[in-house]
Amino acid sequence: MPLTKLPFNPCHCLIDGTWRAPVSGQTIALIDPSDGSELTQIARGQSDDINAAVNAAQNALSGEWGRKTALERGRILTKIGQLVLENVDFLAELEARDVGKPYAQARADAVALARYMEFYGGAADKVHGETIPYLDGYTVYTLREPHGVTGHIVPWNYPMQIIGRSVGAALAMGNAAVLKPAEEACLTALMFAEIARQAGLPNGALNVVPGLGAEAGAALSSHKNVQHISFTGSVATGALVQQAAGANVIPVTLELGGKSPQLVFEDADLAEALPFLVNAGIQNAGQTCSASSRILVQQSRYEEVVAAMSERYKALKVGPAMDDLNLGPLISSRQKDIVTGFLKLGEDLQIAATGQVAPDAPKSGAYVAPHLLLCPDPNHPLAQQEIFGPVQVVIPFKNEADALRIANGTDYGLVASIWTENGARQMRLAKALKSGQVFINNYGAGGGVELPFGGIGKSGHGREKGFEALYGFSTLKTVAAKHG
Ligand code: NAD
């Protein structure tokens, strides 16, 4: 069903506070993954539009936006957060239909977007430099300054949350942003830009150019007048973005997904762990960078955990986003092909349980039933590669050393969790796990905006969320005054 009532033209870019058609006049079809129909057309922005957006951002920095105090920037972000909350149902419907995620999850993402704006609105005037005791006759201090123009290349899986954490922090520090949302899902990025405009964000402080990765995305990551790039997406594209940014010697934040494990020891409280073991794998149909796709279980509890997870799996229902079941479709038929390709690759693994695609789900939708697979070999491709679909593998381990070796035995390191009542083991493993975040007796801690997030290894580098992001989206100047 086509969309109605959009308060902006989805075939336009927002540049310098004005909605305008891309220079080429070209558009791309946006597909509803719940039934394969066309939702709307969107702008196919290209290098001319990126140039105009970067130019507008530069002008904003030397104009009204650049003159705002930290307090004033914070107030604008807080106002954006309030307007996001006033539009939460509309944003949720846009995200649900565009991404295919169940409505309740889309609504939670919209609330999280508001929370990012509140958090970074409140934090904007609380990032300070410091004074440094130095030689006699000197006063030395540091200043936190914006990079300048920041580029934000965002994927399709959590558009609102990722925009909140990266654009929110960048604006709080006084940067001017150019946002390139994903071609598969960009409606909430456009709606967010419209909300920011209405909240009084000065022209050019946030510009949005939808388009293809190889065109608009590549033009942004290689642009000579961009001073920082934040990228979330695949390892292959992240490496290209880093190379492009490297040619201009600018910093990059890369958030590239993972193969995140949960370690279940024999003394774990299974009743407490069970919802996290399953939900962390199937949320957003497994298309989550921090999805827990590996469940490591001590041998003495292996059968019990598999049985308990299987019960949950059998009850999982998959269907159209607006039906608000446990899982929606995948983002696209292309993503469905990738995931079914992985299931073929894992045909040698025993299927412990699957969920059910609702019988009335449109055949033209990108549905895949969630799969729980038994995987005795931690080096199996399905235990090593990011699938980005609703597939979890359960791997047995003998003891703590074995668990640690398996947990650390992939190229990734984004999130890990430990389920044990043994405090010493909790502390040992929290230090030894190669991971950007470690959770003890929980997974994700509710996704808090306050918690620094990012990976090591092929999961990427740099940190977003929390105060840490404010340091990443700013640069430090040291001033040494000799006064005698
Ligand atoms: P992708 O990394 O290619 O796309 C992410 C973003 O990068 C999009 O906005 C895209 O337009 C842009 N992009 C693409 N090519 C570009 C280029 N050459 N220069 C600059 N920007 C470019 O991801 P995808 O193709 O949508 O998905 C493929 C796989 O990536 C998935 O199966 C999944 O494994 C992984 N993925 C991970 C995340 C995550 O959150 N870590 C998100 C999306 C996809």
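All of these numbers come straight from a predicted model, not from anything done at the bench. Each ligand, and each atom within it, is numbered from 1 in the order the structure gives.
For E183, a nitrogen or oxygen atom sits less than 3.5 Å from a nitrogen or oxygen atom of ligand 1, counting backbone and side chain alike. Any N or O atom pair closer than 3.5 Å counts here, and G257 shares at least one such pair with ligand 1.
In summary, the atoms of ligand 1 found under 4.0 Å from a heavy atom of A182, numbered by their order in the structure, are 9 (O). Taking a cut-off of under 4.0 Å to the non-hydrogen atoms of G217, the atoms of ligand 1 that pass are 19 (N), 20 (C), 21 (N). Shown in contact with C289 at under 4.0 Å from a heavy atom are these atoms of ligand 1, numbered in order with element: 39 (C), 40 (O), 41 (N). Listed by number with element, the atoms of ligand 1 under 4.0 angstrom from any heavy atom of F231 are 2 (O), 6 (C), 7 (O). Atoms of ligand 1 found under 4.0 Å from any heavy atom of V241 (numbered from 1 in listed order, with element): 20 (C). Taking every non-hydrogen atom of E386 and a distance limit under 4.0 Å, the qualifying atoms of ligand 1 come out as 34 (O). Near I153, with a cut-off below 4.0 Å to any heavy atom, the atoms of ligand 1 are 6 (C), 7 (O), 9 (O), 12 (C), 20 (C), 21 (N).
Aromatic ring centroids of F473 and H152 lie under 6.0 Å apart.
Atom 40 (O) of ligand 1 has N157 ND2, 3.1 Å as its closest protein atom, hydrogens excluded (heavy atom only). Looking only at heavy atoms of the protein, atom 15 (N) of ligand 1 is closest to T237 CG2, 3.4 Å. With hydrogens left out, the protein atom closest to atom 8 (C) of ligand 1 is V154 O, 3.6 Å, a heavy atom. Here the heavy atom of the protein found nearest to atom 24 (P) of ligand 1 is W156 NE1, 3.8 Å. Distance from atom 29 (C) of ligand 1 to its nearest protein heavy atom, with residue and atom name: S234 CB, 3.9 Å. In terms of protein heavy-atom proximity, atom 25 (O) of ligand 1 is nearest to R334 NH2, 3.2 Å. Shortest contact from atom 42 (C) of ligand 1 to any protein heavy atom: P155 CB, 3.4 Å. For atom 14 (C) of ligand 1, the closest non-hydrogen atom on the protein side is G213 CA, 3.4 Å.
Using a 30° and 60° split on the angle between ring planes, F439 and Y443 fall in the tilted class, from 30° to 60°.
Taking all heavy atoms of P181, A218, A214 into account, the minimum distance to atom 19 (N) of ligand 1 is reached by A218.
The cationic group of K458 does not satisfy the cation-pi geometry with Y412, failing either the under 6.0 Å distance to the six-membered ring centre or the 45° limit from the ring axis.
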Can you check salt bridge (Lys or Arg N to Asp or Glu O under 4.0 Å) on K101 and D109, steps first, answer last? CA-CA 10 Å; K101 63 176 70 190; D109 289 0; 2.6 Å; yes

What do the steps show when you test K465 against E450 for salt bridge (Lys or Arg N to Asp or Glu O under 4.0 Å), and what is the final call? CA-CA 6 Å; K465 301 176 65 168; E450 304 86 346; over 6 Å; no

Would L113 and Q161 satisfy side-chain contact (heavy atoms from CB on, under 4.5 Å), going step by step from the backbone distance to the final call? CA-CA 5 Å; L113 172 60; Q161 293 223 29; over 6 Å; no

Listing, residues 251-261 side-chain donor-acceptor contacts under 3.5 Å, not counting sequence neighbours, or none:
from : atom 1 : to   : atom 2 : distance (Å)
T253 : OG1    : H228 : NE2    : 3.4
E255 : OE1    : R165 : NH2    : 2.9
E255 : OE2    : G257 : N      : 3.2
K259 : NZ     : L382 : O      : 2.9
K259 : NZ     : Q385 : O      : 2.7
S260 : OG     : V415 : N      : 3.3
S260 : OG     : V415 : O      : 3.1

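Summarising the geometry of W156 relative to E184, their closest heavy-atom pair is CD1-OE1, 3.3 Å, with the distance given to 0.1 Å.
Each of I80, I163, V167 was scored for a side chain to side chain contact (heavy atoms under 4.5 Å, CB included) with L206, with one residue passing: V167.
Judged by the shortest distance from any of its heavy atoms, Y158 lies outside the 4.0 Å radius around the atoms of ligand 1.
Judged purely by atom type and a 3.5 angstrom limit, N248 uses its side chain to pair as donor or acceptor with the backbone of S222. Between the Y313 side chain and the A352 main chain, no donor and acceptor come within less than 3.5 Å of each other.
Under 4.0 Å from ligand 1, not a single heavy atom of I162 appears. Heavy atoms of L256 found under 4.0 angstrom from ligand 1 belong exclusively to the backbone.
Within 4.0 Å of atom 4 (O) of ligand 1, not a single protein heavy atom is present.
Using a 4.5 Å cut-off on side-chain heavy atoms (C-beta onward), V393 and H380 make no contact.
Screening residues 9-30 for ring-ring contact (aromatic ring centres under 6.0 Å, His included), with sequence neighbours left out, gives F8-W19.
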